[in-house]
Amino acid sequence: MEMKKDTFDKVIAILHSRYPEWDAPAKKSTYDYDRTPFTITISVILSFRTKDEVTQEAGKRLFALADTPEKMLTLSKESIEKTIYPVGFYRKKAQSVLEISRYLIDRFDGKVPNSEKELLKIKGIGPKAAAIILERAFGRNIVAVDTHVHRILNLWGFLNTDTPQSSYEILKALLDDKEKRGLNRLLVAFGQTICRPQRPRCEVCPVQALCPNPSI
DNA sequence: AAAACGGGGGC
DNA sequence: GCCCCAGTTTT
């Protein structure tokens, strides 16, 4: 089954009125480390193919040791591996963390560039990571298809089109003429708390009646 | 286009 | 056990 766009709009409206706090920026107090462009960037790297909770715990441990590119370079690759374990691809990511730190210092005086073009030049940062960094670190009003958003789009049937568009293009079209940033956050929060990857809480979902594929 | 990177979790 | 996991680089 697939959902129509007007149903999608209705779903967004219901979620918005039921959980107005979801489209607000994440509170700093929900994290145990400073949310700087650098820590945000590294968190995004750590999050690939890894559960949110594991990523959060790993980030907390890592940023307690080093929350700037300069401090990061004082750590050995092995100690970073140990610290971030058990995130997926932890060896490759430890290497990537060091490379990115080195690159930021050499090219941008230790700062994360507020530019998609520049972010994409960094090894280890692709289109999705760049979008998430721009949104979270710099508040840019763009859509960022993270794993939650992707999963929900798929669940609602928006990714089973004959002419395959990227999930990024599809979401952009669905959220056109709206405040993309807030609505994007709304979907992420929905995916984290109710429409979860494991054991989705359909029984408390306010839009269950509109869902094409409830797992209830 | 497909493999590789690496664990966790569902069934 | 086996299968999945939608991020990026490498082959």
Side-chain angles (χ1 to χ4, degrees), chain A residues 2-3 37-62 77-104 107 112-113 115-137 142-175 184-185 187-203 212-216:
Chain A
E2 101 179 36
M3 187 187 282
F38 180 69
T39 61
I40 288 169
T41 299
I42 299 301
S43 312
V44 172
I45 299 300
L46 297 182
S47 74
F48 300 156
R49 309 282 283 224
T50 302
K51 296 276 175 290
D52 284 347
E53 196 182 331
V54 175
T55 306
Q56 279 301 312
E57 294 299 313
K60 194 198 308 187
R61 292 192 298 272
L62 180 60
K77 180 166 178 287
E78 291 69 30
S79 67
I80 296 178
E81 288 176 3
K82 258 188 194 154
T83 304
I84 64 178
Y85 186 89
V87 299
F89 312 133
Y90 64 96
R91 290 194 194 93
K92 188 148 257 182
K93 285 173 181 176
Q95 179 69 41
S96 188
V97 165
L98 287 172
E99 284 175 3
I100 290 174
S101 299
R102 176 86 264 161
Y103 184 91
L104 292 179
R107 298 286 303 276
V112 178
S115 153
E116 181 178 26
K117 185 160 164 278
E118 295 301 335
L119 284 173
L120 290 176
K121 287 183 190 165
I122 302 174
K123 193 161 117 192
I125 297 181
K128 304 210 168 144
I132 295 171
I133 291 166
L134 289 169
E135 195 276 327
R136 301 225 263 254
I142 57 175
V143 297
V145 182
D146 76 340
T147 60
H148 291 296
V149 175
H150 190 279
R151 195 185 65 254
I152 292 167
L153 289 180
N154 190 39
L155 175 72
W156 288 347
F158 286 112
L159 302 188
N160 303 323
T161 53
D162 297 333
T163 56
Q165 291 168 288
S166 72
S167 51
Y168 174 78
E169 294 298 327
I170 291 170
L171 183 63
K172 210 161 66 172
L174 283 171
L175 297 183
N184 201 75
R185 271 196 300 261
L187 284 176
V188 172
F190 177 62
Q192 286 172 336
T193 58
I194 294 183
C195 200
R196 301 180 298 190
Q198 283 87 35
R199 311 205 177 280
R201 304 173 65 201
C202 297
E203 72 284 357
N213 301 296
S215 59
I216 205 162

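The basis for the numbers below is simple: all heavy atoms, side chains too, and nothing from hydrogens, waters or symmetry mates. Chain letters run A, B, ... following the sequence lines, proteins first, then strands; residues in each count from 1.
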Peer 1: For A:Lys93 and B:dG8, give me the distance from atom NZ to atom C1', rounded to whole Å.
Peer 2: 12 Å
Peer 1: Could you work out the separation of C:dT9 and B:dG8 based on their P atoms and round it to a whole Å?
Peer 2: 25 Å
Peer 1: What's the gap between C:dT11 and B:dG6 when it is taken at their P atoms, as a whole Å value?
Peer 2: 14 Å
Peer 1: Crowded around A:Glu78 CD? As in, over 12 foreign heavy atoms under 6.0 Å?
Peer 2: yes
Peer 1: Tell me the interatomic distance from A:Leu46, atom CG, to B:dG7, atom C1', rounded to whole angstroms.
Peer 2: 13 Å
Peer 1: Each nucleotide N or O in nucleotides 6-10 of chain C that has a protein N or O under 3.5 Å away: list the pair and distance.
Peer 2:
from  : atom 1 : to       : atom 2 : distance (Å)
C:dG7 : N7     : A:Arg49  : NH1    : 3.2
C:dG7 : O6     : A:Arg49  : NH1    : 3.3
C:dT8 : OP1    : A:Gly126 : N      : 2.7
C:dT8 : OP1    : A:Gly126 : O      : 3.1
C:dT8 : OP1    : A:Ala129 : N      : 2.8
C:dT8 : OP2    : A:Lys128 : N      : 3.3
C:dT8 : O5'    : A:Gly126 : N      : 3.4
C:dT9 : OP1    : A:Gly124 : N      : 2.8

Peer 1: Say we look at B:dC5 and C:dG1: how far apart would their C1' atoms be, to the nearest angstrom?
Peer 2: 22 Å
Peer 1: Expressed in whole Å, how much space separates the P atoms belonging to C:dC3 and B:dA3?
Peer 2: 15 Å
Peer 1: To the closest 0.5 Å, what do you measure between CG (A:Leu62) and OG1 (A:Thr55)?
Peer 2: 12.0 Å
Peer 1: Looking at B:dG7, I'd like to know if its phosphate oxygens (OP1 or OP2) sit under 4.0 Å from a side-chain N or O belonging to A:Tyr90.
Peer 2: yes
Peer 1: Return yes if some donor-acceptor pair links the side-chain N/O of A:Lys123 with the main-chain N/O of A:Tyr103 below 3.5 Å, else return no.
Peer 2: no
Peer 1: When the ring planes of A:Phe190 and A:Trp156 are compared, do they come out parallel, tilted or perpendicular, using 30° and 60° as the limits?
Peer 2: tilted
Peer 1: Between A:Lys60 and A:Glu57, is the closest basic N to carboxylate O distance under 4.0 Å?
Peer 2: yes
Peer 1: Name the stems that DNA chain B belongs to, where each is three or more consecutive Watson-Crick or G-U pairs with both distances under 3.5 Å?
Peer 2: B:1-5 with C:7-11, B:7-11 with C:1-5
Peer 1: Distance from A:Met3 atom CE to A:Leu153 atom CG, nearest 0.5 Å?
Peer 2: 10.0 Å
Peer 1: Does A:Leu104 form a side chain to side chain contact (heavy atoms under 4.5 Å, CB included) with A:Thr41? I'd like the steps, not just the answer.
Peer 2: CA-CA 11 Å; A:Leu104 292 179; A:Thr41 299; 5.7 Å; no
Peer 1: In whole Å, I'd like the distance from the CD atom of A:Gln95 to the C1' atom of B:dG6.
Peer 2: 16 Å
Peer 1: Supply the atom-to-atom distance A:Lys82 NZ to A:Arg61 CZ, rounded to the nearest 0.5 angstrom.
Peer 2: 13.0 Å
Peer 1: Output the rounded distance in Å from CD1 (A:Ile84) to P (B:dC5).
Peer 2: 16 Å
Peer 1: Testing A:Ile45, A:Leu119, A:Ile42 for side chain to side chain contact (heavy atoms under 4.5 Å, CB included) with A:Ile133, which one passes?
Peer 2: A:Leu119
